[in-house]
Structures are given as C-alpha cells and as structure tokens.
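Scroll down for the structure; my scribbles are underneath it.
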Amino acid sequence: MAVINIKSLTDEKPRFVGGHRLCAGCNEGTIVRQVLLAAHEYDVVAFNATGCLEVTTSVYPYSSWGVPWLHEAFENTAAAASGAEAAYKALKRFGDIPEDKKIKFIAFAGDGGTYDIGLQALSGAMERGHSFLYVMLDNEAYMNTGIQRSSSTPEFAWTTTSPVGAAKVGKAQPKKNIVEIVAAHGIPYVATASPSHYVDLMTKVQKALSYEGPTFLAVYSNCNRGHRNDTGDSIKVSRMAVETNYWPLYEIENGKYHITFKPRNPKPIEDWLKLQGRFAHLMKSGNEDKVAELQQWVNSKWELLQKKEEFSNSL
Amino acid sequence: MKVALETNQLIALAMKQIEPHVVAAYPITPSTEVVQEFSQYVANGDVRTEFVPVESEHSAMSACLAASLSGARVMTATASQGLAFMWEMLHIAAASRAPIVTIVANRALSAPINIHGDHADSMGARDTGWLQLWAETAQEAYDNTIQAIKIAEDPRVRFPMLVNYDGFTTSHAVETVEILEDDQVRNFIGSIPKPQYSLLDTEHPTSFGVLALQDYYMEFRKAQAEAYKNVKDVVLEVADAYAKLTGRKYGILEDYKLDDADVVLVAMNSAAGTAKDTVDALRKEGKKVGVLKIRLFRPFPVEEIREALKNAKAVAVMDRAYTFGGPAGPLFEEVATAMVNQNQKPLLGDFVTGLGGRDITTDEIKQIFDTGYKALEKGAFEPLVNWVGVRE
C-alpha cells in the first residue's frame with residue numbers, strides 16, 4: 001500500500017465525473033471521487049443504494065460512473081454486493097472468468113440506507129463475510145426526500161420530521177452509533193473518515209481494500225440544504241465536526257482501535273453547531289442546557305473511544 | 001431413470017443437475033427442503049455453486065439480481081410470505097431482464113397464518129413481470145424446472161421465471177418420476193448465454209438500475225412489454241426439444257377431453273389431476289366434460305385459451321386464491337378477459353376452492369360441473385363467484 005500522493009493521483013483517469021446533478025456544495029461527489037481515486041489500482045464494481053447520490057448520477061441516458069455500477073433499491077445495497085461477489089467467486093470456480101481477474105466491490109449508501117432501512121441487509125452481508133467495502137455517506141437525515149430525521153440525526157437537530165416547536169426541540173434521541181454496531185460483527189476493518197481530511201480518508205480506503213472480507217467506512221457528508229449552512233462551507237463544517245470531536249477519525253483494525261487524528265485542542269461543540277441552521281434554535285437563550293448536553297455526549301464518547309484505543313491495544 | 005422422491009427433494013436434485021453459479025435463498029415452509037437439500041449437495045462438493053444463505057427473502061432476491069446481472073446462472077426457492085417479501089425486488093428483477101429461476105411451493109398468505117397449498121402467493125406476483133410455469137405433478141415440476149432455465153435465459157426472453165407447484169399436496173408428496181442423467185440436463189440447458197452487458201465487465205463499465213423520468217420511463221416500459229411477445233414461441237421450442245430428449249411433450253396449455261366438451265373446468269397445479277379423474281368418472285355417466293389446465297400463466301396465453309374454449313358452452317374457472325374487492329378470482333379475470341369481444345363465447349363462472357390447503361375433492365369438482373350444467377339451463381352462472389367447500 002503506497003503512501004497517498006495527491007499530485008500523482010490527479011493524473012489518474014477519473015472514474016466518477018462531473019455533469020451530475022448533486023447540489024452545489026454537496027460533499028458526496030467529492031467523497032466518491034476520493035474513494036475511487038484511492039482505489040485506482042483496482043478494477044472496481046460499485047453499488048449504490050437509492051438516495052441523492054444514485055438519483056443525481058444516473059439520470060438516463062447519462063451516467064457519471066466510469067466503473068460498472070448497480071442500483072437496485074434502497075434497503076439492499078449490501079445484499080446486492082453479496083450477490084455480485086458470490087457470482088464473481090462462482091464464475092471463477094466454473095472457469096467462466098479468468099482466475100487472475102481481480103475485482104474490488106464498493107457499495108455506497110447514505111445513513112438512511114445504512115442505519116435504518118438497510119441495517120438488516122448490511123448485518124447479513126457482514127456476518128456472511130462477503131468481500132466488499134461499504135462506504136456510508138452520513139449526512140444525518142433523509143436528504144433526498146427532503147430532510148427527514150433518521151437514526152443518525154443528532155439530538156436536538158431540526159429536520160422536517162423532527163421540527164422545532166413550543167413542545168419539541170428538534171430530534172429527541174441521540175445519534176445511533178453505527179460504527180460500533182458494524183464493528184460488533186468482528187469484520188477486519190471499520191473506520192470513520194471526513195472529506196476534510198482527505199489523505200486520511202484515502203489511506204483508509206486503501207487499507208480497507210487490502211483486506212479480504214467485509215470492510216466499512218463511515219464518511220461524514222455535509223449537506224448544506226439539510227444542515228442549513230452556506231454552500232461554500234461544506235469542507236469547513238466537516239473539518240469542524242472532526243476538530244470538535246463530534247466526528248472523531250479512527251479505525252478498528254482486527255479489533256484494535258486507532259484514533260487517526262487527535263485534535264490538539266478540541267474546539268467546543270458550539271463552534272460546529274453555530275455553522276448550521278439546523279441547530280439555530282440551540283443558539284437562542286434558554287437552550288444552553290441542550291448545548292451542554294451535546295458537549296457532554298461528545299466528551300463521553302471521546303473519552304470512551306480513547307479508552308477503547310488504549311484497552312484494545314493492551315490485549 | 002426412475003426415482004421416487006418427495007417433490008422438494010426432486011427439485012433440489014434438478015437444481016444439482018442444473019448446477020447454477022449462485023443460489024441465494026432463505027428458508028420458508030413449504031419450500032425449505034429445496035434449499036436445505038441443495039445446500040447438502042454444496043457441502044458434499046457435488047456442485048460448484050456459490051450458496052448464499054441470506055438473512056431474508058428480500059436480500060435473497062437482491063443478491064440473485066446482482067448475481068444474474070453479473071452473468072451468473074441463478075436460482076432460488078420460496079413461498080407465500082417469502083415471495084410477498086420479495087415483491088419489490090420481483091419487479092426490479094423482471095425490469096432488469098435478469099433470468100433468475102425461482103421455485104415456488106405455492107402456499108397461502110397470512111392472516112391468518114397458514115402454511116398449506118394456495119395460489120395467493122404467485123397470483124400476487126402476476127403483475128411483477130415474471131414468467132410463470134405451473135405444474136400438476138412432481139414429474140411436471142421437475143420437467144418445468146429444467147425447461148425454465150432454458151426459457152428464461154434465452155436471449156429472446158431474458159426474463160425471470162417462477163416455477164410453481166402446490167405446497168404440501170405436491171411439495172411433500174412422493175411420486176415415482178423419470179429423471180434425466182446429469183449430463184443430459186447440462187447438455188440440454190447448455191451454458192448460460194453471455195449477456196450483452198455484465199456488471200463484472202470492468203473493461204466496458206455499464207450503469208444498471210438508472211433513473212429514468214418522464215422523458216424515458218414509458219419507453220422502458222413499452223420495450224419490456226414488447227419483449228413478452230417472444231416468450232410463447234420460446235416456451236414451445238424448448239418444449240419440443242425437451243420432448244425429443246424425454247418423450248414428454250408439454251404445451252402452453254393442456255387439453256383434457258376438450259374436443260366435444262360442453263362444460264369445461266379451467267384449473268392449475270394439482271387440482272387439475274383431481275379434475276381429470278372426475279372427468280373420467282363423469283364421462284362414464286355420459287357427460288361431455290373436460291379440463292383445461294394452464295401451464296404457462298405468464299405471459300397469459302390469450303389466443304390459446306380462446307382456441308381451447310371456442311367450442312365450450314360453459315366454463316368453470318377454479319381459483320385457488322381470491323381478489324378481495326375485485327370482480328372475481330384472479331384466474332377468472334384473466335380467462336374472462338381472454339374471451340371478451342369473441343363473437344361466440346361460453347358462459348363463464350368462477351369457483352373459489354381449496355384456500356389454505358383445504359382439500360379439493362372429486363365430489364366438489366362434480367358439484368362444479370353440475371353448476372356448469374345448471375348455468376346452461378339458466379343461461380348464466382348465478383352467482384358469478386361461487387365459494388366451494390366452505391362453511392357459510
């Protein structure tokens with residue numbers, strides 16, 4: 001596995017091209033380009049759950065995909081990848097494709113397609129041990145249908161189905177920890193990433209692809225329409241998610257935790273919240289306790305993560 | 001070679017002989033044994049198939065679809081709630097022109113939950129775009145399974161196909177059947193024709209499952225509708241080739257004593273056998289009765305039905321499923337639509353029988369024929385829909 005060299009990677013033929021209909025400032029295209037560039041040494045077959053990425057990149061008769069690409073439905077991307085990977089193994093065994101043909105399978109899905117409706121198919125595929133990388137683009141709500149809450153939406157965030165009113169202050173439940181759920185399957189490689197830390201992201205893609213068996217990458221994906229931030233601020237918001245420890249960058253490799261970026265002086269959660277209109281109500285007086293609660297949530301998760309790193313490496 | 005096996009085991013044997021690249025399946029009564037027996041062939045190393053024991057039927061069909069689009073020969077088995085759970089993916093598989101063959105041991109749908117024979121599952125799939133073959137006996141289920149592969153994968157077809165037989169009545173019955181040798185089966189079906197586009201062809205990347213809006217969606221649908229026109233010819237070609245190999249000749253329909261029949265019963269799956277026995281008994285009493293058995297239900301053989309029923313005076317359609325709130329049972333609606341606008345057409349009546357595995361007896365079938373004769377006297381089936389063998 002080579003060290004990521006962005007300059008030389010820009011010479012590679014892009015396998016995901018512009019002309020798609022992702023919103024201005026959307027991070028999904030950026031992330032997919034980073035993932036496919038990191039995978040440039042391999043023949044890749046991609047899968048896509050129903051969602052923003054799928055509908056905007058495959059508008060017939062156009063396609064942004066320079067690799068074979070399959071969209072079946074919303075909840076079954078991991079099952080689709082399972083089927084293609086099974087076919088790949090069988091076709092080799094039957095001698096119908098050459099034994100030395102090497103393909104890497106990469107599935108893309110959003111948080112709705114992963115945390116919620118696709119969780120069963122994901123868990124099944126991980127347990128069965130199919131060899132593919134599952135990249136989850138986490139924009140923390142159902143953005144394609146118009147910003148509805150998912151189990152990935154952070155507590156107190158406004159969405160169209162967790163609105164803010166006299167009786168409710170946005171989403172009532174904290175964000176589900178999908179990374180730990182996936183890691184509990186005992187698969188070889190699970191990691192988080194952010195497009196703001198692209199070398200880290202691309203290194204993790206290469207690491208994941210170096211393994212046989214299922215691997216998982218959770219990528220923070222700012223959605224300016226849903227998070228209510230300026231279109232030019234997507235990377236800034238992503239970086240702030242990392243620097244506040246809201247979205248820590250780490251990997252779990254064969255059960256061992258490794259935090260790949262430790263902010264020297266973590267910024268207060270408020271610095272990330274205030275960039276996004278979905279938390280505007282928390283910036284009003286009277287909601288200080290909610291901000292403190294979120295800060296506490298971040299702190300305890302960060303502390304636990306560090307302890308897991310320490311403990312898993314002591315084994 | 002003759003063997004005596006339970007039909008589910010027999011179908012697993014047919015699958016072993018077919019040796020698909022991929023089988024992705026989930027257990028459900030009464031089709032479980034098909035997959036269970038097949039997984040033993042995998043464990044024994046008798047087949048090179050990649051068996052994917054998925055976590056749900058929805059994932060079974062999702063995995064089958066991706067495998068099929070990768071150029072693999074793909075099979076699965078299910079029933080009832082399992083087929084219902086696949087419903088979303090059934091449409092996508094057909095529209096994606098993925099020639100997956102799915103074995104269905106037909107079973108009732110919940111609620112109340114019931115594991116026995118009934119056609120509600122595959123009738124519910126009638127608008128999904130899947131081809132459907134139906135079988136009266138274990139022999140037919142075996143023969144249809146092998147023919148289904150060749151029909152579905154034919155480049156003129158490339159549609160997925162359901163191979164139906166009745167849950168328990170057929171699936172768990174032991175019959176002596178004539179089977180082929182493994183190499184006869186493999187020579188007959190040949191290799192799966194190479195698809196024009198494959199998901200694994202990284203040299204020629206293709207996007208599958210794209211978004212088509214107001215400007216193209218309707219053309220996609222029309223193209224799909226046109227392609228079904230090829231199916232009947234291929235079904236007959238495959239049947240001819242199979243007859244040459246086995247001596248067993250299949251058509252799209254099976255006529256039983258129809259030539260001079262005044263009252264005809266239309267049936268599918270195992271009840272057709274009971275109906276034929278009843279016809280034999282009634283013929284001894286001098287009654288001109290016959291049976292029309294439907295083997296190919298999708299695409300629905302409109303012309304063949306018209307031809308088969310052109311001399312009938314009264315036609316009783318047996319529905320082993322019901323369309324709630326509809327005009328009649330699903331098979332009746334199909335037959336009636338086939339006969340509409342014909343200058344000469346028989347009286348038509350619907351008979352709902354055998355739901356949830358209730359026995360369909362010769363007495364009940366006699367009663368249906370009697371009702372047919374009464375309709376001839378009265379000039380109509382009154383009522384149009386008759387529930388047979390049910391406590392009121």
Side-chain angles (χ1 to χ4, degrees), chain A residues 15 21 42-48 50 54-97 101-105 118 120-128 130, chain B residues 19-24 26 47-74 76 86 88-89 91-93 96 98 100 191-192 194 197-213 215-217 219-220:
Chain A
R15 294 193 285 184
R21 290 128 194 237
Y42 302 102
D43 284 336
V44 166
V45 173
F47 305 86
N48 209 160
T50 307
E54 171 263 324
V55 297
T56 55
T57 59
S58 72
V59 188
Y60 187 83
Y62 306 106
S63 174
S64 287
W65 297 86
V67 295
W69 176 90
L70 171 63
H71 158 250
E72 287 191 3
F74 196 178
E75 67 283 54
N76 59 353
T77 307
S82 303
E85 189 251 11
Y88 166 70
K89 287 204 281 201
L91 288 162
K92 277 190 176 181
R93 199 178 299 137
F94 279 69
D96 294 329
I97 57 174
K101 173 87 180 165
K102 294 270 182 273
I103 296 177
K104 292 290 179 184
F105 297 95
Q120 175 183 307
L122 173 65
S123 177
M126 299 275 132
E127 183 271 332
R128 291 189 302 272
H130 298 280
Chain B
E19 198 188 19
H21 292 102
V22 174
V23 170
Y26 189 79
V47 289
R48 293 165 291 173
T49 305
E50 188 66 22
F51 174 56
V52 190
V54 280
E55 81 297 333
S56 74
E57 287 92 353
H58 192 283
S59 284
M61 191 44 64
S62 305
C64 284
L65 172 55
S68 182
L69 295 177
S70 298
R73 174 169 279 157
V74 181
T76 187
M86 286 179 185
E88 180 192 32
M89 298 315 300
H91 288 263
I92 298 172
S96 302
I100 303 156
S191 302
I192 180 167
K194 235 184 161 37
Y197 306 101
S198 162
L199 183 62
L200 300 188
D201 185 356
T202 51
E203 306 303 311
H204 305 94
T206 305
S207 295
F208 296 86
V210 300
L211 176 79
L213 298 174
D215 49 353
Y216 281 106
Y217 182 87
E219 281 71 26
F220 272 90

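In what follows, chains are A, B, ... by sequence order, proteins preceding strands, each numbered from 1.
For B:Phe220, the part sitting under 4.5 Å from any heavy atom of chain A is the side chain, from C-beta outward, and nothing else. Contact annotation for B:Thr206: only backbone heavy atoms (N, CA, C, O) come within less than 4.5 Å of a heavy atom of chain A. For a residue to count as touching a neighbouring chain, one of its non-hydrogen atoms must lie under 4.5 Å from one of that chain's; by this rule B:Pro20 touches chain A with the backbone only. Heavy atoms closer than 4.5 Å to chain B are found in the backbone of A:Val67, but not in its side chain. A:Tyr62 does not touch chain B: none of its heavy atoms, backbone or side chain, sits under 4.5 Å away. Contacts of B:Ile192 with chain A are absent, with no heavy-atom separation under 4.5 Å from either backbone or side chain. Interface residue B:Glu88: only side-chain heavy atoms are found under 4.5 Å from chain A. Residue A:Glu75 touches chain B through its side chain alone, counting heavy-atom pairs closer than 4.5 Å. Looking at B:Ala24, neither its backbone nor its side chain comes within 4.5 Å of chain A, counting heavy atoms on both sides.
Remark: side-chain polar atoms of B:His21 are not paired, donor with acceptor, to backbone N or O of A:Ala90 under 3.5 angstrom. Between the side chain of A:Ser58 and the backbone N or O of B:Leu211 there is at least one donor-acceptor pair closer than 3.5 Å. In this structure, the side chain of A:Glu72 does not engage the main chain of B:Ile92 through any donor-acceptor pair within 3.5 Å.
For the pair A:His71 and B:Val210, the minimum side-chain heavy-atom distance is 4.5 Å or more. Residues B:Asp201 and A:Pro68 fail the side-chain proximity criterion, which asks for heavy atoms closer than 4.5 Å. The side-chain heavy atoms of A:Arg128 and B:Val54, taken from C-beta on, include a pair separated by under 4.5 Å. Within the 4.5 Å cutoff, no side-chain heavy atoms of B:Val22 are placed close to those of A:Lys89.
Interface check for chain B: of the options A:Ala84, A:Ser63, A:Ala73, the most heavy-atom pairs under 4.5 Å are formed by A:Ala84. With chain B as the partner, the residue from A:Arg15, A:Glu127, A:Lys101 showing the most heavy-atom pairs under 4.5 Å is A:Lys101. Contact count versus chain A (heavy atoms, under 4.5 Å) is highest, among B:Val74, B:Leu200, B:Leu69, for B:Leu200. Top candidate by heavy-atom pairs under 4.5 Å with chain B, chosen from A:Ala46, A:Ala86, A:Ser123, is A:Ala86. Note on A:Pro61, A:Ala125, A:Ala81: by heavy-atom pairs under 4.5 Å with chain B, the leading option is A:Pro61. Taking chain B as the reference chain and counting heavy-atom pairs below 4.5 Å, the highest number among A:Thr56, A:Asn48, A:Asp96, A:Asp43 is found for A:Asp43.
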Next item on the list: Tell me, with the steps shown, if B:Glu50 and A:Tyr88 meet side-chain contact (heavy atoms from CB on, under 4.5 Å).
Entry: CA-CA 9 Å; B:Glu50 188 66 22; A:Tyr88 166 70; over 6 Å; no
Next item on the list: Any chance you could lay out the side-chain contact (heavy atoms from CB on, under 4.5 Å) test for B:Val52 and A:His130, step after step, and finish with the verdict?
Entry: CA-CA 10 Å; B:Val52 190; A:His130 298 280; 3.7 Å; yes
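Using a 3.5 Å distance cut-off with no hydrogens or angles, the side chains of B:Ser56 and A:Gln120 do pair a donor with an acceptor.
With B:Leu199 as the partner, the side chain to side chain contact (heavy atoms under 4.5 Å, CB included) test is satisfied by one option alone out of A:Trp69, A:Phe105, A:Phe47: A:Phe47.
A distance of 8.0 Å separates CG of A:Leu70 from OG of B:Ser70, quoted to the nearest 0.5 Å.
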